[in-house]
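Beneath this line is the structure, given in structure tokens, with notes to follow.
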Amino acid sequence: MKDEHITPIKVLDDSVRTQIAAGQVVERPLSVLKELLENALDAGASEITIRLRKGGLEEIQVTDNGCGIPSEQLLLAVAPHATSKISSLADLSSVASFGFRGEALASIRAAAALELQSRVAVEKVGVQLSADSDTTEPVGMSPGTRVTVRDLFRSHPARKKFLRTATVEYRHCLQYVEQLAITQPAVTFKLFHNDKLILNCPTTTQLKRIEQVWGESHADTALPLLHNSGLYTFAGMICKPETARESSAYQVLTINNRLVKHPKIATQIKQAFGTLLAVKKHPSFVLSLQLPYELVDINVDPRKETVTLAEEKLVLEQLHAATQSLLAAHNLSFGAENSVRYPYSMDMGLAEYFHTQTKLWSVKDLQDEQILQIDNVYLFAQSEKGVLVVDQHAAHESILYAQLTDAWKAEQENPQPQQLAQPIELQLTQSELAVIEEHSTTLTELGIVFEQNQNTLTLTALPAYLQTADIHALIQELITALQSEQQNYTSEIVHRTLAYVACRAAIKAGEALTQTERINLLQKLEETDNTYTCPHGRPVAVLLSSQQLAQLFERE
Ligand code: ADP
Ligand code: MG
């Protein structure tokens with residue numbers, strides 16, 4: 001390396017260090033909210049009120065009735081690496097508090113306007129530190145702490161660009177508050193968004209809290225789990241398969257009381273369900289793992305969202321066994337339901353080989369009326385060009401999808417929503433309603449007319465093409481589609497909805513078809529345009545040409 005590249009190494013000053021820490025801790029409104037809520041819980045609060053404005057981008061305020069901060073320590077609370085929760089390295093291996101890094105308030109203060117007010121019960125007045133001020137002043141307030149954060153990322157314009165819209169940030173915050181509230185049923189939580197009361201969860205039991213937040217359907221299907229191996233305790237609720245969703249929003253996990261994400265644990269529980277769940281579904285659960293503190297490393301992530309477990313394999317095995325025996329005890333054992341799966345028994349090389357041939361065939365060439373049905377899934381027909389193999393579900397699905405797309409286009413040109421004689425009422429959670437609110441134009445685009453009142457979504461009119469659909473399941477599917485952020489384009493969501501309706505209405509793999517039904521299906525497939533692949537992108541039919549047959553048998 002050349003000399004001019006050598007620059008002296010310096011120790012960064014405090015303000016630069018804090019800015020760097022802020023970049024790690026404060027990523028979006030949710031990360032600020034999370035830190036403030038952890039502080040409130042660490043302070044032993046039994047009542048926590050959250051106020052958000054514009055999804056937290058404009059303002060995040062958390063008020064608690066916890067122990068408060070003594071007036072002489074208020075400035076210390078916002079100093080970097082200042083914490084009351086640990087004092088030595090040894091403490092780090094036995095932290096029971098949520099916070100321990102002592103950098104949250106300092107980091108937030110570096111990235112936004114932070115106002116701190118606090119009062120300990122023994123003092124008559126509280127003390128406050130305003131944003132941009134280095135001195136404190138007295139303030140009248142009840143015991144506890146109130147932290148107000150405004151104008152997030154005012155000093156990080158680059159970060160601001162990466163933030164999503166207020167509705168998206170709001171949804172993330174709401175989902176987190178819901179999950180946290182579920183883990184802390186003894187604490188009263190209130191959440192206001194733009195002054196509107198969204199969540200009101202008075203102190204209650206675990207099961208009632210699930211009902212308060214996720215609604216009756218989850219509470220009614222929750223199976224209580226308790227497993228104690230001496231070293232580990234797993235406790236909580238695992239919901240029956242009918243509440244499984246395509247998103248993981250209904251999976252709440254705490255490890256030593258800390259709300260964390262641990263994909264391997266979620267996967268393990270899902271696997272214990274076996275064939276009770278469709279491939280894409282995730283079971284709903286609320287699970288609390290208590291493990292010896294020395295087996296859990298919480299200091300692996302600045303945002304404290306993940307932990308690593310020392311005896312992970314053992315924990316996973318026990319969890320799998322505990323879940324399976326819980327399900328078995330409720331007659332929900334592995335494979336108990338005859339859920340049919342695609343028997344993808346075809347050797348992959350051959351399947352891929354077929355795949356490349358998808359565009360070559362035409363049913364027009366069908367010669368013989370004898371159509372074989374193999375495994376109650378595949379129809380084999382002889383054509384002039386070879387053997388045509390059709391996946392009956394995929395074929396029916398793409399026919400219906402094409403019909404629904406036409407019906408939807410017709411509806412767009414000439415909307416004819418049909419009033420429902422009996423409006424359909426759906427009980428949804430606040431985060432589900434938030435999704436609906438965020439994407440109300442998509443629903444309108446689909447021709448769905450609805451009203452929203454508190455936890456109830458009332459459908460008053462539906463377009464003709466949706467009249468026969470299982471509307472409950474459809475709305476759930478829509479919410480899942482809308483929740484996954486990649487699909488923010490209305491056209492994609494419409495596509496997914498129509499695909500869902502088509503999939504549900506289509507004959508399944510595993511259904512035996514009569515000779516006439518087989519012929520009807522193939523004829524209809526021939527009349528329909530663009531049916532080379534099903535709406536999910538899998539091939540509908542493949543042609544095994546006479547030439548390929550000859551090659552397979554080395555006749556050429
Ligand atoms: P940490 O939580 O890691 O200690 P923070 O920066 O979040 O670091 O908070 C610094 C300190 O401020 C805490 O250790 C605690 O003593 C005090 N504090 C912060 N929020 C509250 C609160 N809501 N109630 C009481 N004390 C608080
Ligand atoms: Mg903290």
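Please read these numbers as outputs of a predicted model, since none were measured by experiment. Indexing begins at 1, ligand by ligand and atom by atom, following the structure's order.
For the 3.5 Å distance criterion, the side chains of Glu59 and Thr148 fail to qualify, holding no donor opposite an acceptor. Thr203 and Thr188 form a side-chain donor-acceptor contact under 3.5 Å, judged by distance and modelled atom types alone. Side-chain polar atoms of Asn257 and Gln290 form a donor-acceptor pair below 3.5 angstrom.
Considering only non-hydrogen protein atoms, atom 12 (O) of ligand 1 sits nearest to Ala77 CB, 3.5 Å. Among all protein heavy atoms, the one lying closest to atom 7 (O) of ligand 1 is Asn39 ND2, 2.8 Å. Looking only at heavy atoms of the protein, atom 3 (O) of ligand 1 is closest to Gly102 N, 2.7 Å. Protein heavy atom in closest approach to atom 2 (O) of ligand 1: Lys85 NZ, 2.7 Å.
Evaluation of the salt bridge (Lys or Arg N to Asp or Glu O under 4.0 Å) test over residues 263-273, restricted to residues two or more places apart or in two chains, returns Lys264-Glu312.
For Ala43, every heavy-atom contact with ligand 1 shorter than 4.0 Å involves the side chain, none the backbone. Heavy atoms of Leu36 found under 4.0 angstrom from ligand 1: none, in either backbone or side chain. Under 4.0 angstrom from ligand 1, the non-hydrogen atoms of Leu105 come from both its backbone and its side chain.
Judged by distance alone, with hydrogens and angles left aside, the side-chain atoms of Arg146 form no donor-acceptor pair with the main-chain N or O of Val62 at under 3.5 Å. Side chain of Asn200 to main chain of Lys190: no donor-acceptor pair is present (N/O by atom type, distance under 3.5 Å, no hydrogens or angles).
By the ring pair (Phe, Tyr, Trp, His ring centres under 6.0 Å) test, His282 pairs with no residue at all, sequence neighbours left out. Remark: His262 pairs with no residue by the ring pair (Phe, Tyr, Trp, His ring centres under 6.0 Å) rule, at least two apart or across chains.
Between Cys67 and ligand 1, not a single N/O pair is under 3.5 Å apart. In terms of polar-atom proximity, Glu35 is not counted as a contact of ligand 1, lacking any N or O under 3.5 Å from an N or O of the ligand. Between Thr83 and ligand 1, an N or O atom pair is found at a separation short of 3.5 Å.
At least one heavy atom of Gly68 sits closer than 4.0 Å to an atom of ligand 1.
Smallest separation of non-hydrogen atoms from Pro292 and Tyr232: CD-CD2, 4.2 Å. Annotation for Lys281 and Ala244: closest pair CD-O, 3.8 Å, computed over non-hydrogen atoms.
Between Asp195 and Arg51 there is a salt bridge, with a side-chain nitrogen of the basic residue lying less than 4.0 Å from a carboxylate oxygen of the acidic one.
Panel detail: the Mg ion (ligand 2) has protein N, O or S atoms under 2.8 Å away, 1 in number.
Residue-ligand proximity, Thr145 to ligand 1, at heavy-atom distances under 4.0 Å covers atoms 22 (C), 23 (N), 24 (N), 25 (C).
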